[in-house]
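These numbers were taken from a predicted model, which means no experiment stands behind them. The chains referred to below are lettered A, B, ... by the order of the sequence lines, with proteins before strands, and numbering in each begins at 1.
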2 protein chains.
Amino acid sequence: MTTATSPEPKKAPAEPSDALLRQFIGYNMKRAYMQVQDDLAATLAPLGLRIGTYSALAVVVGSPGISQTQLSQVLDIKRSGVVVLVDELEGAGVLERAPVPGDRRAYSLRVTSAGKRLWQKAEAEVRAHEAALFADLAPEDLRQLHDLLARAARSAARHRQEETT
Amino acid sequence: MTTATSPEPKKAPAEPSDALLRQFIGYNMKRAYMQVQDDLAATLAPLGLRIGTYSALAVVVGSPGISQTQLSQVLDIKRSGVVVLVDELEGAGVLERAPVPGDRRAYSLRVTSAGKRLWQKAEAEVRAHEAALFADLAPEDLRQLHDLLARAARSAARHRQEETT
DNA sequence: GTCATATTGTTCATTGACGTAACAATCCGG
DNA sequence: CCGGATTGTTACGTCAATGAACAATATGAC
């Protein structure tokens, strides 16, 4: 007898739990991410941003002149999806659709000066909220988690793509 | 010079990226979890399960006799949501709504023998897929990631709850 | 040059997974 | 016994994202 719990949980469990799910890394990712997602949405709302528009803004800030198709690839959504995001950001005066010299079909997305300021505000805001959320973890643990998540994402992406190939 | 990229990304970026987002732990969680989610859905589909029903099945297996309200609390969804899940599982002969002796309103959820077998199959299947997904990480790293995610989820849950309180 | 084919952005309908609000049946405490 | 809570249920709304079409434009073969 290693663990001295009740030997036979035949009928009603005193404490229902998701113990069987917690063995999986994916489930723990979900649990953690759901918290981050909810907090992030609440953080961005006062800035007039949703998670989708916030992500799009970040990519355009970091990659000025990007096209909507490229943006859809980076965000891993369909082209029809970015239209909504860019419409919203453009309507807020945060982003603009500039014409591409060589191609009259595509747009060159750029942030306005107001957009740049909004991003800096959002970036600081999100960073602060994330720090507060994970305040129970030591800085070294956070760094480690960040690195492991990035590697896990790469590993999963690679192996999933190989399946399809 | 470590990386020899162009020093001034004024106009069109050669390689658009989500670099500005990857600084955040939450974004890396999302990237990793999305991969897991897609793979999980594909893994469960042949078994006739969706992520929602799979999660519900796991909880009922681990907590026999649980009520739908309790299940909604563990899964962190509304009671109206579990009705759909339990309906589906019951329709597949995986689960049954047994009457609760003392309370004629509630149901005592239990897995059938077929349900128990289905869960064992799903559990093994998911474990194998997860191992393949994260094959690039050393076992020790995986263990570490599992632990850090669990702690991060707890930390976030605690701090978010304190805000509301 | 011309024409088939691909690409870009867009619109619209649909889907899926939730939440909200109401409701009947049932339980509980005074 | 009765007002108020709890359980499961139903109908409806919401929100983000997809899929399928489409017009405008670009590209490449000939």
Give A/Gly52 one of three labels, base, sugar-phosphate or nothing, depending on what nucleic acid heavy atoms sit under 4.0 Å from its own. nothing

May I ask you to say what A/Ser67 touches in the nucleic acid, namely base, sugar-phosphate or nothing, with a heavy-atom cut-off under 4.0 Å? sugar-phosphate

Gap between atoms [atom1] and [atom2], on [X] and [N] respectively (whole Å):
X        : N      : atom1 : atom2 : answer
A/Leu85  : D/dA17 : CG    : P     : 7 Å
A/Leu95  : C/dG9  : CG    : P     : 13 Å
A/Leu49  : D/dA16 : CG    : P     : 13 Å
B/Tyr107 : D/dG8  : OH    : C1'   : 7 Å
B/Lys78  : D/dT7  : NZ    : P     : 13 Å
B/Gln73  : D/dT6  : CD    : P     : 11 Å

Any heavy-atom pair between the side chains of B/Val86 and B/Thr53 that's under 4.5 Å? no

Strictly below 4.0 Å, N to O, side chains only: are A/Arg143 and A/Asp147 in salt-bridge contact? no

Any N or O donor-acceptor pair linking the side chain of A/Arg79 to the base of C/dT8 at under 3.5 Å? no

Got a donor-acceptor pair under 3.5 Å from the side chain of A/Thr69 to the base of C/dT7? no

Side-chain donor/acceptor pairs under 3.5 Å, residues 22-34 of chain B, sequence neighbours excluded:
residue, atom, partner, partner atom, Å
B/Arg22, NE, B/Asp18, OD1, 2.8
B/Arg22, NH2, B/Asp18, OD1, 3.2
B/Gln23, OE1, A/Arg127, NH1, 2.6
B/Gln23, NE2, A/Glu123, OE2, 2.7
B/Gln23, NE2, B/Leu20, O, 2.9
B/Tyr27, OH, B/Asp18, OD2, 2.6
B/Asn28, ND2, A/His146, NE2, 3.4
B/Asn28, ND2, B/Arg22, O, 2.8
B/Asn28, ND2, B/Phe24, O, 2.7

When you check the phosphate oxygens OP1 and OP2 of C/dT10, does a side-chain N or O of A/Gln68 lie under 4.0 Å from one of them? yes

Which residue, A/Arg50 or A/Asp103, contacts DNA chain D at a nucleotide closer to its 5' end, judged by nearest heavy atom? A/Arg50

Test side chain to side chain donor-acceptor pair (under 3.5 Å) applied to B/His159 and A/Asp136, step by step: CA-CA 9 Å; B/His159 287 267; A/Asp136 290 1; 2.8 Å; yes

Near DNA chain C, counting only heavy atoms under 4.0 Å, which residues of residues 32-41 of chain A show up? none

Can you name the closest pair of heavy atoms from B/Leu44 and B/Arg50 and give their distance? CD1-O, 3.9 Å

All heavy atoms of A/Ala135 vs all of B/Ser155, minimum pair found to be N-OG, 3.7 Å

If you count heavy atoms of other groups shown closer than 6.0 angstrom to CG of A/Asp87, is the number above 12? yes

